[in-house]
Amino acid sequence: MPKAPSILKLCKDPAKATVGKFYEFKNATDTSVDLYFYGDIVSDWWGAWQEEDQYPEAIKNFLAEAGGKDLNIYINSGGGSVFAGIAIYNMLKRYTGKKTVCVDALAGSIASVIAFADSDMPTIPSNAYLMIHKPWAVCDGNATELRKMADTLDAVESGIWAIYEEHLAEGVTIETIKELMEAETWLNGTQAAQYFRVKVGEENTIAAAVQDYTKFYCHNVPQKLLSRENHAGQQDREKRNKIIELTMAHMGQ
């Protein structure tokens, strides 16, 4: 799991910004190691505001050091960058060790794609969620640029279809999944097993990672997930604000 880079150190010496080891092994044994996706999926270390955030370079380095050991992968993420997520999915699929994925609470958006990196079938508890939807982006510009963005989103979506199609339950067609994506669908473990090849796990008590940006682009977040926004969410916002304050203060020196 990536460690948060030292903002002050990176600003003072940008040339060494990516030299540090921004992850650590959890529960490593001679044969296996744990990998957590418990934050946003971002493009690079600069976008990793929290130590839980993951990005392709960190995963590449993690896998290289894991050296072929089996991976126990735990997911509680609302998603993030589509291209970063697909890169991570492909790296995990190529990795030689066995991959065992458990969705602890939420595999949403591009994190739902990463869940299917399991060597067999991911496990989704009956009270955890797989959320699928059409790719989303912020765009400004003229009509030509906006049309181009729409074409790009269509191309990205077709790539996601191809991954989902490899993991469909018997009798389910990709056309059905397209409809679910169009509607932004939140599937608990039992419901997900109706459409995808997944194992339904026992209920757990981990709160789903419904971040602020998730609520910004999602329209159908289950109300019981939104009601869990409590002290933990406030602590997260305070932590992010503190990082921003430290960064701005240092850059002003």
Side-chain angles (χ1 to χ4, degrees), residues 1-2 4 23 26-27 33-42 48-55 58-59 71-82 84-85 88-89 92 99-118 120-133 136 160 163-164 167 180-181 184-237 239-240:
M1 183 160 57
Y23 59 87
K26 299 289 187 180
N27 300 324
V33 64
D34 292 354
L35 174 59
Y36 288 83
F37 291 91
Y38 258 46
D40 296 341
I41 310 301
V42 299
W49 287 99
Q50 303 180 97
E51 66 178 20
E52 296 85 3
D53 294 345
Q54 293 281 24
Y55 54 96
I59 297 303
L71 299 182
N72 302 310
I73 302 172
Y74 302 95
I75 299 178
N76 185 17
S77 171
S81 167
V82 172
I88 290 171
Y89 169 83
L92 290 172
K99 285 83 64 176
T100 302
V101 176
C102 182
V103 176
D104 283 340
L106 171 63
S109 192
I110 198 60
S112 69
V113 169
I114 294 174
F116 289 110
D118 192 291
D120 183 18
M121 294 187 290
T123 297
I124 306 178
S126 55
N127 66 338
Y129 289 88
L130 188 80
M131 185 275 281
I132 61 176
H133 69 150
W136 183 93
I160 294 174
I163 295 173
Y164 286 156
H167 304 278
L180 296 178
M181 292 174 68
E184 183 201 305
T185 304
W186 295 68
L187 303 165
N188 63 35
T190 303
Q191 294 167 331
Q194 298 173 19
Y195 300 99
F196 298 100
R197 289 186 290 107
V198 304
K199 301 173 186 175
V200 182
E202 296 182 1
E203 291 191 1
N204 58 37
T205 58
I206 298 174
V210 182
Q211 298 97 335
D212 288 341
Y213 88 91
T214 309
K215 290 181 289 183
F216 178 71
Y217 70 70
C218 289
H219 306 287
N220 301 326
V221 182
Q223 189 59 43
K224 64 181 179 180
L225 297 186
L226 292 177
S227 66
R228 292 176 183 172
E229 290 296 304
N230 50 23
H231 182 59
Q234 179 61 30
Q235 284 183 322
D236 177 66
R237 285 188 288 273
K239 181 178 179 181
R240 288 173 181 255

Practice prompt. Grab the two heavy atoms, one from Ala107 and one from Ser112, that are nearest each other, plus how far apart they are.
Written response: O-CB, 3.4 Å
Response to the item:
So CD1 of Ile73 and OG1 of Thr123: to nearest 0.5 Å the spacing works out to 12.0 Å
Fill in: Interatomic spacing from OG in Ser109 to CE in Met131 - rounded to 0.5 Å
5.0 Å
Response to the item:
One should read off an interatomic distance between Asp40 CG and Ile110 CD1, to the nearest 0.5 angstrom, of 13.0 Å
Discussion item. So, taking the atom named CD1 in Ile114 and the one named NZ in Lys99, what distance separates them when rounded to the nearest 0.5 Å?
Written reply: 13.5 Å
Worksheet item: Is Tyr74 close to Asn76 at the side-chain level, that is, under 4.5 Å between some pair of heavy atoms?
Response: no
Practice prompt. With the side chain counted from C-beta on, respond yes when Leu106 and Trp186 share a heavy-atom pair under 4.5 Å apart, and no when they do not.
Written response: yes
Worksheet item: Are Met181 and Ile160 side-chain neighbours, meaning at least one heavy-atom pair lies under 4.5 Å?
Response: yes
Worksheet item: Of all residues at least two apart in sequence or in a different chain, which pass the side-chain contact (heavy atoms from CB on, under 4.5 Å) check with Asp118?
Response: Thr100, Val101, Asp120, Pro122
Worksheet entry | All ring-ring contact (aromatic ring centres under 6.0 Å, His included) counterparts of Phe116, not counting sequence neighbours | His167, Phe196
Worksheet item: Does the side chain of Ser81 come under 3.5 Å of the side chain of Tyr55 through a donor N or O and an acceptor N or O?
Response: no
Worksheet item: Quick one: does Leu35's side chain get under 4.5 Å of Asn72's, heavy atoms only?
Response: no
Practice prompt. Scan side-chain atoms only and decide if Asp104 and Tyr38 contain a donor-acceptor pair under the 3.5 Å cut-off.
Written response: yes
Fill in: Heavy-atom side-chain proximity of Ile88 to Phe37 below 4.5 angstrom
yes
Worksheet item: Which atom names give the shortest non-hydrogen contact between Ala111 and Ser77, and what distance separates them?
Response: CB-O, 3.6 Å
Discussion item. Within the 4.5 Å heavy-atom criterion, are Val198 and Leu130 side-chain neighbours or not?
Written reply: no
Worksheet, complete the sentence: Residue set satisfying side-chain contact (heavy atoms from CB on, under 4.5 Å) with Ala128, at least two apart, ordered chain then number -> Val103, Ile124, Pro125
